[in-house]
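First comes the structure, then the notes that go with it.
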Amino acid sequence: MLIRTHNCGQLRETNIGATVRLAGWVNAYRGHGTGLVFIDLRDRYGVTQVVFDGEQHDPDTMKLADHLRNEDVIAVEGTVRIRVGGENPKLVTGKVEVVVSKFEVLGKTDPLPFLPDDSGSGGKLANEDIRGKYRYIDLRRPAMQHILSSRHRLYQSTRRYFDENGFLEIETPILYKSTPEGAREFLVPSRNVPGSWYALPQSPQLFKQILMVAGCDRYMQICRCFRDEDPRADRQAEFTQIDLEMSFVRREQVMEMMEGFVRRLWKDMCGYDVPPIPRMPYREAMERFGIDRPDTRYGLEITDISEVAARTDAAFFTETLAKGADRPRFNSKRGVVKAIRIPGGAEKLTRKLTDGYHEFVRSFGAGGCAAVKVNAQGDFETGIAKFLAPVKNELFAVLGLRPGDTVLFVADLYAVATKALGELRQKVARDIGLIPKPGSEGGPWNFLFVIDFPMFERDKESGRWIAMHHPFTAPRDDQADAFVHADVNDEITIESIVSAGYDIVLNGQEIAGGSIRIHDRTVQSKVFQLLGMTPEQAREKFSFLLEALSYGAPPHGGIAFGLDRLVMNFVGTANIRDVIAFPKTQTGQDLMTSAPSKATDEQLRDVFVKSTHEPPRG
RNA sequence: GGGGCGGUAGCUCAAUUGGUUAGAGUACCGGACUGUCGAUCCGGUGGUUGCGGGUUCGAGUCCCGUCCGCCUCGCCA
């Protein structure tokens with residue numbers, strides 16, 4: 001076999017005259033019969049043109065060369081020379097070509113289901129199901145090779161940064177104990193302990209805390225996590241986190257370390273200097289943006305106009321405002337009227353769009369969305385204009401209205417109106433083209449720390465308290481006393497406790513989340529109690545953690561980044577499957593290997609499992 | 001679990017209101033061709049219209065069920 005001396009992206013004018021060997025895939029063939037044949041040879045590094053000249057080969061060899069087809073694997077030996085037919089500026093190797101003296105077909109291909117060409121046939125890629133089934137062909141596309149290599153660079157940059165900062169990379173178990181609080185888990189039956197099951201970790205949360213108790217001081221891991229929930233375009237059941245934990249820190253130190261990491265990563269990945277990352281309390285994010293991960297690349301902020309709306313005769317405002325009662329810090333239970341001013345909306349937002357917004361907010365539980373335009377004379381027009389006339393001046397002042405604007409209103413309970421307008425704000429921004437493409441297109445990267453989350457919220461279904469982040473999140477330092485002394489039945493106090501959690505938000509996307517952890521057994525027990533766990537239940541599930549906390553636990557905290565989403569940002573895709581070498585579909589299937597698949601009766605017997613699945617009839 | 005879009009040649013798509021033998025590009029096969037670079041030109045092979053049922057004189061097209069892919073709500077401590 002001819003062993004290559006160079007790769008297909010390497011040869012330049014300086015190599016002219018050299019005898020070289022290349023190997024790779026046939027990317028294109030351009031034959032002129034037995035007289036002259038061109039082959040574009042491709043590997044991960046690039047494309048090089050190789051030439052078969054009829055004067056140097058017998059007709060049988062030329063015939064063989066003339067029948068090379070896309071994706072045949074070949075190796076060639078030959079001489080580098082300047083391109084006789086002129087440069088091809090599309091290729092980095094485009095000034096030279098290799099005149100073949102010897103060649104071997106290393107792997108003849110069968111006809112392919114599709115060609116790994118980024119432009120695809122007719123400018124379109126094959127559909128995702130067919131590309132998934134033949135993933136190894138799709139991954140040959142230069143765009144996919146670029147993504148794999150970007151992901152690799154991200155791993156390396158990450159490991160360098162944390163190594164330089166004294167973090168130990170430590171692996172934690174994949175076969176793990178079930179802790180059924182958060183997401184649904186994947187279960188693995190045990191053979192040696194009949195009737196018992198492992199779970200795959202939703203995250204290494206408890207292990208990394210215990211590593212702190214174990215004196216590891218600083219831990220990091222690029223780890224696989226598993227959550228058996230329905231996927232989305234940016235979510236897979238099996239995904240990767242950059243997970244870390246630090247001892248003897250408060251949230252300032254963790255956030256500083258994270259800001260340094262983000263700065264390093266963006267510098268390494270795309271040469272971008274991340275400016276100081278601003279911080280925004282959760283409540284402010286909810287008030288101004290209606291969401292805990294605000295996209296701060298554009299305005300369209302939300303304004304509470306309840307006071308003004310109360311002075312109108314509009315029953316759909318005043319009836320809503322009469323509902324409920326306020327709460328001191330979070331989770332307000334009152335009825336509110338909120339509005340978004342859309343500058344220039346009178347022109348940009350068609351009737352069809354604003355009608356659509358009514359339906360859109362209804363899908364988030366709101367009663368509807370009203371719209372008014374401000375005409376050139378500065379008067380309200382259309383929709384609920386007549387109800388607003390009496391408070392026109394106040395509305396203009398509080399919303400900063402100008403002729404040509406549109407205002408969108410939602411009146412509902414605080415939580416519903418906030419959520420609906422938060423979602424609507426993003427939809428309007430998309431509709432009128434306010435969102436720049438991040439990264440590669442030169443658009444801005446807007447980072448934000450969101451802090452001061454509530455510790456607890458009510459579960460919508462059961463009405464029980466649940467931890468907003470997770471049950472190991474500590475109260476903010478100045479809240480600890482209030483929390484420890486709070487009556488668990490004192491709803492208003494409990495819901496106003498602020499946690500020591502923090503998220504990093506990039507362009508409206510949560511890319512990392514973490515917290516200072518509870519390192520005090522008493523505080524941890526109180527959290528479990530509040531979450532409705534008896535001491536016995538807490539011990540049953542988390543005895544190892546509670547014990548660990550009782551044997552000399554350092555204060556500690558950490559954070560986890562969603563690695564897949566980071567890569568998505570750097571390579572500019574909205575599809576998480578693009579950045580995972582072997583992804584799964586919406587039903588969690590791997591189209592290439594056909595996982596999941598049936599287990600044999602024998603396999604099931606070995607692990608003491610009996611299937612209750614009834615095969616479909618017929 | 002709910003909602004939406006889609007499934008026609010290996011691939012990407014078309015096919016009028018339900019109406020003749022389901023077409024095109026590309027890939028593949030054969031042929032021509034000595035400077036191409038998405039080579040070109042000529043010819044050819046290729047179809048269980050996802051699957052099952054129904055309506056109809058007649059179904060790619062309409063109806064019911066089902067499978068698969070994508071988007072989305074719920075869900076994702």
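Note that the structure is a prediction, hence the values are computed from the model and not measured. Reckoned from all heavy atoms, side chains included, excluding hydrogens, waters and symmetry mates. Per chain, numbering begins at 1; letters A, B, ... match sequence-line order.
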In whole Å, what separates the [atom1] atom of [N] from that of [M]?
N      : M      : atom1 : answer
B:rA15 : B:rG60 : C1'   : 8 Å
B:rG74 : B:rC62 : C1'   : 33 Å
B:rU26 : B:rU21 : P     : 28 Å
B:rC64 : B:rG46 : P     : 36 Å
B:rU36 : B:rG31 : P     : 24 Å
B:rG69 : B:rG25 : P     : 32 Å
B:rG54 : B:rC71 : P     : 35 Å

Of all the choices, B:rC76, B:rC70, B:rG35, which nucleotide is nearest to the side chain of A:Arg227 once you look at every atom?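 Nucleotide nearest to A:Arg227's side chain: B:rC76.
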
Let's see if you can work this out: which of B:rU72, B:rC37, B:rG69 has an atom nearest to the side-chain heavy atoms of A:Gln586?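 Closest nucleotide to the A:Gln586 side chain: B:rU72.
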
Aromatic ring pairing A:Phe207/A:Tyr176, orientation class (parallel under 30°, perpendicular over 60°, tilted between):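 Taking A:Tyr176 first and then A:Phe207, their aromatic rings sit tilted (interplane angle of 30° to 60°).
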
Mind checking whether A:Phe544 and A:Phe542 have parallel, tilted or perpendicular rings, split at 30° and 60°?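 Rings of A:Phe544 and A:Phe542: tilted, as their planes differ by 30° to 60°.
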
Donor-acceptor pair under 3.5 Å, A:Asn127 side chain vs B:rG6 base: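 No.
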
For a quick check of understanding: with a heavy-atom distance under 4.0 Å over all strands, which category does [X] fall into, base, sugar-phosphate or nothing?
X        : answer
A:Gly31  : base
A:Glu97  : base
A:Arg83  : base
A:Ile130 : sugar-phosphate
A:Arg81  : base
A:Gln205 : base
A:Gly86  : base
A:Phe472 : nothing
A:Asp459 : nothing
A:Arg577 : sugar-phosphate
A:Ala28  : sugar-phosphate
A:Lys541 : nothing

Sidechain N-carboxylate O distance under 4.0 Å for A:Arg140, A:Glu71: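 Yes, this pair counts.
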
Is a salt bridge present between A:Glu423 and A:Lys427, judged by a nitrogen-to-oxygen distance below 4.0 Å?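 Looking at A:Lys427 together with A:Glu423, the answer is no, because their closest N to O distance does not fall below 4.0 Å.
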
Using the aromatic ring of A:Phe38 (for Trp, its six-membered ring), decide whether it stacks on the base of B:rU36 within the limits of 5.5 Å and 30°.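 Here the ring of A:Phe38 and the base of B:rU36 are stacked, with centres under 5.5 Å and planes under 30°.
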
Among A:His556, A:Glu245, A:Gln209, side chain to side chain donor-acceptor pair (under 3.5 Å) partner for A:Arg517: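 Result for side chain to side chain donor-acceptor pair (under 3.5 Å) with A:Arg517: A:Glu245.
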
Is A:Lys63 near enough to B:rC33 that one of its side-chain N or O atoms lies under 4.0 angstrom from OP1 or OP2?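 No, because none of the side-chain N or O atoms of A:Lys63 sits under 4.0 Å from OP1 or OP2 of B:rC33.
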
For B:rC41, give its Watson-Crick or G-U wobble partner with both distances under 3.5 Å, or none.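 The answer is B:rG31, by the H-bond criterion.
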
Heavy-atom nearest nucleotide on RNA chain B for A:Phe114 versus A:Thr34: which residue maps closer to 5'?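 Mapping each residue to its closest nucleotide by heavy atoms, the 5'-most match is A:Phe114.
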
Residue closer to the 5' end of RNA chain B, A:Arg184 versus A:Lys584 (nearest nucleotide):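 Upstream on the strand: A:Lys584.
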
Test: A:Arg69 cationic atom under 6.0 Å from A:Tyr29 six-membered ring centre, within 45° of axis: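 A:Arg69 over A:Tyr29 ring: yes.
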
